[in-house]
Number of protein chains: 2
Amino acid sequence: MNKKENFINKLRSSGLRPTRQRIEICKVLYDRKKTFHFTIDTLSKILRKKSKERISLATIYNTVYAFKNKNYLKEITLNTNKTYFDTNVTSHHHFLDENSNRLIDLKNSDVGKVKIKRKIPGKKIKSIEILVRISD
Amino acid sequence: MNKKENFINKLRSSGLRPTRQRIEICKVLYDRKKTFHFTIDTLSKILRKKSKERISLATIYNTVYAFKNKNYLKEITLNTNKTYFDTNVTSHHHFLDENSNRLIDLKNSDVGKVKIKRKIPGKKIKSIEILVRISD
DNA sequence: ACACTACTTTAGAATCATTATAAAGTAGTT
DNA sequence: AACTACTTTATAATGATTCTAAAGTAGTGT
């Protein structure tokens with residue numbers, strides 16, 4: 001399979017061994033058209049359904065954080081008790097639907113330029129993240 | 001004391017009984033000039049130092065969430081494992097210093113107008129929060 | 001193919017923030 | 001002083017995440 005090869009190359013090229021578990025996780029995360037927002041818990045449930053592999057929770061944690069370190073995933077900031085991740089690692093903003101607690105990506109073209117007028121001496125801006133809360 | 005009276009009135013006016021514990025917590029939170037960003041843990045430590053009252057963790061949690069519901073505190077969104085609160089309840093934005101993990105308030109005048117060009121049918125914008133990550 | 005080593009996976013225990021419980025204490029009212 | 005609803009509290013329970021250490025596996029060299 002072409003896709004599987006791609007995942008294997010992707011993993012190898014960043015120094016991660018392409019194990020069965022990691023490939024299964026790649027399939028869930030990257031074999032889709034739209035950005036995927038998830039928690040460890042949701043990912044775990046999807047894996048249990050879609051994959052024959054029985055992947056332990058610890059491995060899912062390990063893999064997700066390994067992918068995050070390799071910049072294949074981005075951690076998202078919300079005030080919930082769980083940590084969210086995003087397969088869209090580009091700098092972008094979000095809607096948060098407070099009714100469903102779902103995230104929706106905003107393209108950069110969806111947001112006008114943000115001007116930060118204040119400077120902190122000796123500090124550089126690393127990123128600017130906007131969270132737009134919406135509800136019915 | 002004038003300040004203590006103020007706290008008592010503030011509490012009573014929102015239907016919260018002015019207990020010793022709540023008044024001590026008010027002193028820590030509101031008897032200061034600048035905005036205060038904190039976690040339950042930091043608040044707990046400050047109380048242990050500054051107050052003779054021995055206030056239980058449960059009460060600190062109860063009180064902080066009671067204050068949040070009365071809009072005396074605001075919950076802040078960061079990706080850390082702990083929940084942060086802010087005594088500045090007005091709509092405003094933050095710098096997050098990634099070296100020290102400290103928050104710095106941005107006045108609205110520090111940030112240019114943010115334009116959200118995309119609309120989600122049937123949904124209204126509740127708030128727009130910007131987090132500007134900075135580091136050395 | 002075989003052996004070797006470093007990297008991985010795993011089940012289960014440990015940790016840590018937060019929430020729930022239910023008994024004892026207290027504010028405000030009569 | 002008595003009463004009732006609201007509070008506080010110690011403690012247990014929960015739930016996400018991290019740790020541990022033993023068993024498994026990929027990649028390399030022979």
Side-chain angles (χ1 to χ4, degrees), chain A residues 4-5 7-28 37-48 51-70 72-73 75-85 101, chain B residues 4-5 7-28 37-48 51-70 72-73 75-85 101:
Chain A
K4 189 173 170 185
E5 288 302 318
F7 293 143
I8 291 178
N9 291 334
K10 180 175 183 166
L11 290 167
R12 269 216 197 85
S13 72
S14 55
L16 295 173
R17 288 187 181 169
T19 62
R20 283 178 284 124
Q21 295 87 339
R22 284 173 178 166
I23 291 166
E24 288 304 302
I25 291 174
C26 276
K27 283 185 197 165
V28 171
H37 300 113
F38 64 96
T39 62
I40 296 289
D41 184 57
T42 55
L43 176 55
S44 167
K45 279 177 183 141
I46 293 172
L47 283 165
R48 236 176 293 155
S51 171
K52 279 147 250 147
E53 291 282 338
R54 180 75 351 173
I55 303 178
S56 83
L57 238 199
T59 298
I60 299 176
Y61 272 96
N62 289 341
T63 302
V64 164
Y65 281 97
F67 285 6
K68 185 196 153 190
N69 288 334
K70 298 299 180 185
Y72 295 154
L73 288 175
E75 201 171 331
I76 298 179
T77 283
L78 292 178
N79 49 3
T80 56
N81 52 333
K82 293 181 192 172
T83 303
Y84 277 74
F85 297 90
N101 223 42
Chain B
K4 188 172 169 184
E5 287 302 319
F7 294 142
I8 292 177
N9 290 335
K10 180 176 184 166
L11 290 167
R12 269 216 196 85
S13 72
S14 53
L16 296 172
R17 287 186 183 172
T19 63
R20 284 177 285 122
Q21 295 87 337
R22 285 173 177 166
I23 290 165
E24 288 303 303
I25 291 173
C26 277
K27 283 185 195 163
V28 172
H37 300 115
F38 65 96
T39 62
I40 296 289
D41 184 57
T42 55
L43 176 56
S44 167
K45 280 178 183 141
I46 294 172
L47 283 164
R48 236 175 293 157
S51 170
K52 277 146 254 148
E53 291 283 338
R54 181 76 350 177
I55 304 178
S56 81
L57 240 199
T59 299
I60 299 175
Y61 272 95
N62 288 341
T63 303
V64 164
Y65 282 96
F67 285 7
K68 185 196 154 191
N69 287 334
K70 297 299 182 188
Y72 295 155
L73 287 174
E75 200 171 333
I76 298 178
T77 283
L78 292 179
N79 50 1
T80 58
N81 50 335
K82 293 179 191 173
T83 303
Y84 278 74
F85 297 90
N101 225 41

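Throughout, protein chains are lettered first and strands after them, A, B, ... in sequence-line order, and every chain is numbered starting at 1. Not measured: the values here are computed from a predicted model.
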field: Check: A:F85 ring centroid to A:Y72 ring centroid under 6.0 Å
entry: no
- prompt: Between B:L78 and B:N101, is any pair of side-chain heavy atoms under 4.5 Å apart?
  reply: no
- prompt: Which part of the nucleic acid, if any, lies within contact of B:D41, taking any heavy atom under 4.0 Å across all strands shown: a base, the sugar-phosphate backbone alone, or nothing?
  reply: nothing
task: Please check if any side-chain donor atom of A:E24 sits under 3.5 Å from a side-chain acceptor atom of A:S51, or the reverse.
output: yes
message: Does C:dA17 have its OP1 or OP2 closer than 4.0 Å to a side-chain nitrogen or oxygen of B:T83?
response: no
message: Using a 4.0 Å heavy-atom cut-off, does A:T39 contact any base of the nucleic acid, only the sugar-phosphate backbone, or nothing at all?
response: nothing
statement: For A:L11 and A:P18 the tightest heavy-atom approach is CD1-CA, 3.7 Å
message: If the cut-off is 4.0 Å, is A:R22 near the phosphate of D:dA26, judged by side-chain N/O to OP1 or OP2?
response: no
query: Just how far, in rounded Å, is C1' of D:dA16 from NZ of A:K45?
result: 12 Å
Separation of atom CG in B:L11 from atom P in C:dT26, rounded to whole Å: 18 Å
query: When the distance from CG of B:N62 to P of C:dT19 is rounded to whole Å, what number comes out?
result: 10 Å
Whole-Å distance separating the CD atom of B:E24 from the P atom of D:dT7: 17 Å
Under-4.0 Å side-chain N/O to phosphate OP1/OP2 contact, B:R17 with C:dG28: no
Rounded interatomic separation in angstrom, taking CG from B:L47 and P from D:dT9: 11 Å
task: Provide, to the nearest angstrom, the distance between the CZ atom belonging to B:R12 and the C1' atom belonging to D:dT7.
output: 15 Å
- line: B:R54 atom CZ is separated from D:dA10 atom C1', nearest whole Å, by 14 Å
- prompt: When the nearest nucleotide of DNA chain C is assigned to B:N81 and to B:A58 on a heavy-atom basis, which residue is associated with the more 5' position?
  reply: B:N81
query: Checking A:R22 side chain against A:T63 main chain: does a donor-acceptor pair fall under 3.5 Å?
result: no
- prompt: Given that B:T19 and A:R20 both sit by DNA chain D, which one's nearest nucleotide is further toward the 5' end?
  reply: B:T19
query: Does A:Q21 have a side-chain nitrogen or oxygen under 4.0 Å from the phosphate oxygens OP1 or OP2 of D:dT25?
result: no
field: Residue whose closest nucleotide on DNA chain D lies nearer the 5' end, B:L16 versus B:L57
entry: B:L16
